[in-house]
Enquirer: 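First the structure, which I've put down as structure tokens, then a few questions once you've had a look.
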Amino acid sequence: MRVLLPARAPESVARQLARDKAEWVRRKLAEFRARTPPERRWVDGETLPWLGREHPLRVTASEATAGQDDARLREGAWLVRLAGNPDGAERAGRVRAALRRACMHMAREELGRRASGRARRMDVTPSLVGVKSYRSRWGSCHADGRVYFNWRIALAPEFVVDYVVTHELCHLVHRDHSPAFRAMVEQWMPEWRAARAWLREHGRRLEALDEPAGC
Ligand SMILES: [Zn+2]
């Protein structure tokens, strides 16, 4: 660690500062690692979460060159079948892409089901519930009653998913984040604080299926 001080500051001050700050630096590094999605190679035995539970990957390659890559969640495992037998970077990229397509599709159903169940109980009526591939938000609610969710949220634990669903449905009644809005969220999702904290701390994990950023 480097400590920069005014030229005439005694060395003991530098040592004291380094000691005081070491813990802070360690904590910040740990936080940064928690926010960065783990490096994945998209091979057998790695795991990918769905609704907060980790499921192992089982990748098989069919020799048939025709057909499409396919991925599905069956009996607690992600079954990925590749057409042909690609290797190396192509194989990893195709496993990721097949899982991404599957998750987007599953998220549309999962979030649609949760939103309609909650909307009924909350006595609100979205005109449409859909998913989008937002980069920096978890959902949106439009003036005409359309509600969209970031499909990646379906990878998060259920209480987090339900918080995002509840949050957007409350916007059908209150367009802003006023005290009345927050009271409505509190009524239907008392654990909203924990969910929001989870998103702040672990939100980046939900980007697991995104294309890795170029170097
Ligand atoms: Zn909002």
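In each ligand, atom 1 is the first atom listed, and ligand 1 is the first ligand listed. For this chain, numbers begin at 1 and follow the sequence in order.
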Enquirer: Are any non-hydrogen side-chain atoms of Arg118 and Met189 less than 4.5 angstrom apart?
Expert: yes

Enquirer: Donor-acceptor pair, distance only, cut-off 3.5 Å: does the side chain of Arg94 make one with the backbone of Ala83?
Expert: yes

Enquirer: Considering the Zn ion (ligand 1), could you give the total of protein N/O/S atoms lying closer than 2.8 Å?
Expert: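 There are 3 of them.
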
Enquirer: Quick one: does Arg175's side chain have a donor or acceptor within less than 3.5 Å of a partner on His142's backbone?
Expert: yes

Enquirer: Start with the C-alpha distance between Arg100 and Arg152, add both sets of side-chain angles, then the distance that settles side chain to side chain contact (heavy atoms under 4.5 Å, CB included), and finish with yes or no.
Expert: CA-CA 9 Å; Arg100 194 173 197 271; Arg152 298 173 185 86; 3.4 Å; yes

Enquirer: May I have all residue pairs that pass ring-ring contact (aromatic ring centres under 6.0 Å, His included) and include part of residues 152-175, sequence neighbours excluded?
Expert: Tyr163-His167, His167-His171, His167-His177, His167-Phe181, His171-His177, His171-Phe181

Enquirer: Would you say that Tyr148 contacts Leu128 through its side chain, given a criterion of any heavy-atom pair below 4.5 Å between the two side chains?
Expert: yes

